[in-house]
Amino acid sequence: MPTRYHDLFFDKRTPQSAVKLRVYEAYLKPWAAKLGRTVPGGTVWVVDGFAGRGRYKTGEPGSPEIALQLSRELAAAGTNYRLQCIFGDTRKSHHATLQALGAEYPSGSAMLIETDFWERVDDVIKLVGDSPALVFVDPFGLAGLNFDALARLCRSLRRSDFIINFRSPAAPRLAAKLAESVTMAVGSPDWTVDTVSRVFRDNLERAGGFLPPASLAIRKRFAGSVQSEMILASHHPDAYELWNDQMVLEVERLDVDNLLGESSASRDRNIEQVMERLVRWAPRGRSWQRREAVSWHAVEYCGDAHTGTVKRAHDRAAIQWRLLNPGASVEERRYRWA
């Protein structure tokens, strides 16, 4: 993209960027609390490979400042773990602002990579080691992705979750003359302009051994074209429950409903039927715990319903099954509803 665009981008935060950053922040805080408990006296990491200025010129925090704010909050609260940040940005005009921003927060909470992030992934892997990390990849445009380097991070940082802002709408524009850039971003040449997102998510799943990645489409207006997709990839169902709940909450916010192009009615219309099929006809050779049903729904239908809604739907389906099968043996009930 033109140099001027990079500079103007941080003049003020767009509504679409506000959605992206709210979802990121809402995920980051409980993620850090949950993973921090697993490393008493240790470190959880935030890796933000395309940090930009860190703060918009109008004063709103960007993703780096959101992480730095949390790092300061955790230090002030006296938690037995700390949040360490790694920021990357290739633009020299951003380095000074990032360094000045880091100086406003606890000493040692941030490190800055001043060269191409993809060329430094091995250094990131050495720094993070076996510690938990949240890796946020938000490059300028689809051509800013390097799938091979991303895959190396995914394979090496096994205790990490990845949030990737994937700009799938750029594929039609790049397809004619820069198809190789899309292939480099997606990870294989078997994409089309209609399947580029699915191919990327499939390749990401295989590369990192993740559960199926979840995608949140951010639109320019209600039912309008997709501007980008926020994609979560994780190894654990708990991550998808957390992500799912934050997606639903964002959709329910009146000021972003038009951006996401969703409605609670369209999200919730099939929850009852899905839960009924799960608990009634799809035991898959074992009982389905209420907790397992919630995790399964979060991974398979991420974005459809808040955890509380799924729990209530599961319980209603379980009650219905009992009413329709009053003569079922105790063993069968345990099998179905243990």
Side-chain angles (χ1 to χ4, degrees), residues 23-40 42-49 63 67 70 74 79-86 121 124-125 128-138 150-166 200-216 229-250 274-275 278 282 284 286-311 314:
V23 173
Y24 170 73
E25 182 176 11
Y27 185 86
L28 171 62
K29 290 185 175 182
W31 172 88
K34 186 176 183 68
L35 273 296
R37 292 193 293 268
T38 70
V39 286
T43 301
V44 294
W45 294 81
V46 169
V47 180
D48 190 341
S63 56
L70 179 58
L74 294 174
T79 56
N80 64 347
Y81 65 93
R82 66 173 185 156
L83 179 69
Q84 183 82 17
C85 303
I86 300 174
V121 295
V124 172
I125 291 167
V128 174
D130 295 329
S131 299
L134 180 60
V135 182
F136 184 45
V137 180
D138 185 14
L150 175 63
R152 196 156 71 251
L153 273 178
C154 294
R155 287 191 294 266
S156 300
L157 304 181
R158 299 297 297 176
R159 298 187 65 191
S160 299
D161 291 351
F162 286 74
I163 298 177
I164 301 157
N165 195 33
F166 186 73
F200 173 74
R201 285 182 276 120
D202 289 347
N203 289 339
L204 185 65
E205 180 182 352
R206 286 191 292 268
F210 296 117
L211 293 168
S215 175
L216 169 63
E229 298 174 61
M230 289 189 73
I231 295 174
L232 171 75
S234 178
H235 299 96
H236 202 285
D238 284 357
Y240 290 81
E241 287 183 40
L242 173 59
W243 183 256
N244 181 73
D245 287 352
Q246 296 309 322
M247 288 167 63
V248 172
L249 290 174
E250 278 301 312
V274 168
M275 285 296 102
L278 174 66
R284 300 183 185 180
R286 61 178 176 80
S287 64
W288 277 91
Q289 304 283 351
R290 185 173 186 254
R291 178 73 175 79
E292 291 175 322
V294 172
S295 295
W296 174 82
H297 189 279
V299 174
E300 295 290 328
Y301 294 92
C302 203
D304 279 8
H306 193 278
T307 296
T309 305
V310 178
K311 286 179 178 177
H314 179 274

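None of these values were measured; they are calculated from a predicted model.
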Minimum-distance pair of heavy atoms, taken over all atoms of G208 and R158
O-NH1, 2.9 Å
Determine whether L204 and I164 satisfy the following criterion, side-chain contact (heavy atoms from CB on, under 4.5 Å), listing intermediate values before the conclusion.
CA-CA 10 Å; L204 185 65; I164 301 157; 3.7 Å; yes
Nearest 0.5 angstrom please: R201 CZ to E229 CD, how far?
6.0 Å
Would you say S156 and R152 are linked by a side-chain donor-acceptor pair, where the criterion is simply a distance under 3.5 Å?
no
So do P132 and V39 actually touch side chain to side chain, heavy atoms under 4.5 Å?
yes
Are any of the side-chain nitrogens in R159 or D130 under 4.0 Å away from the carboxylate oxygens of its partner?
no
Would you check if the side chain of T38 reaches a backbone N or O of L35 as a donor-acceptor pair within less than 3.5 Å?
yes
Distance in Å, K34 NZ paired with D238 CG, rounded so as to fall on 0.5 Å steps:
4.0 Å
Run W45 and V124 through side-chain contact (heavy atoms from CB on, under 4.5 Å) and show every step you take.
CA-CA 10 Å; W45 294 81; V124 172; over 6 Å; no
Between Y27 and M230, is any pair of side-chain heavy atoms under 4.5 Å apart?
no
Can you confirm whether V47 sits close enough to L134 that some side-chain heavy atom of one is under 4.5 Å from a side-chain heavy atom of the other?
no
If you compare all heavy atoms of Q246 against all heavy atoms of A26, which two are closest, and at what distance to 0.1 Å?
OE1-CB, 3.0 Å
So, does D161 use its side chain to make a donor-acceptor pair with the main chain of A133 at under 3.5 Å?
no
Taking the side chain as every heavy atom from C-beta outward, state whether S63 and D138 have any atom pair closer than 4.5 Å.
no
Measuring from R206:CZ to R155:CZ, what's the distance to the nearest 0.5 Å?
12.5 Å
For the atom pair CG (L216) and SG (C302), what is the distance rounded to the nearest 0.5 Å?
9.0 Å
What I'd like to find out is whether the side chain of E241 reaches to under 4.5 Å of the side chain of S295, using heavy atoms alone.
yes
Stepwise side-chain contact (heavy atoms from CB on, under 4.5 Å) check, L83 with V46:
CA-CA 7 Å; L83 179 69; V46 169; 3.7 Å; yes
Roughly how far, to the nearest 0.5 Å, is the CG atom of N244 from the OG1 atom of T307?
6.0 Å
Given side chains that start at C-beta, do those of P40 and Y81 come closer than 4.5 Å, heavy atoms only?
no
Fit a plane to each ring of F166 and F200, take the angle between them on a 0 to 90° scale, and name the class: parallel (under 30°), tilted (30 to 60°) or perpendicular (over 60°).
parallel
For L232 and A239, work out which heavy atoms get closest and say how close.
CD2-O, 3.7 Å
With no hydrogens and no angle check, is any side-chain donor or acceptor of Y240 less than 3.5 Å from a backbone partner on S234?
yes
Would you check if P237 and L211 make a side-chain contact, meaning some heavy-atom pair closer than 4.5 Å?
yes
Check against side-chain contact (heavy atoms from CB on, under 4.5 Å), F136 and F162
CA-CA 6 Å; F136 184 45; F162 286 74; over 6 Å; no
On a heavy-atom basis, the closest approach of S160 and V135 is CB-CG2, 4.5 Å
Would you call L28 and L70 a side-chain contact if the rule is heavy atoms closer than 4.5 Å?
yes
Parallel, tilted or perpendicular, judged at 30° and 60°: which one describes the rings of W296 and Y301?
perpendicular
d(M275 CE, T309 OG1) to nearest 0.5 Å is 11.0 Å
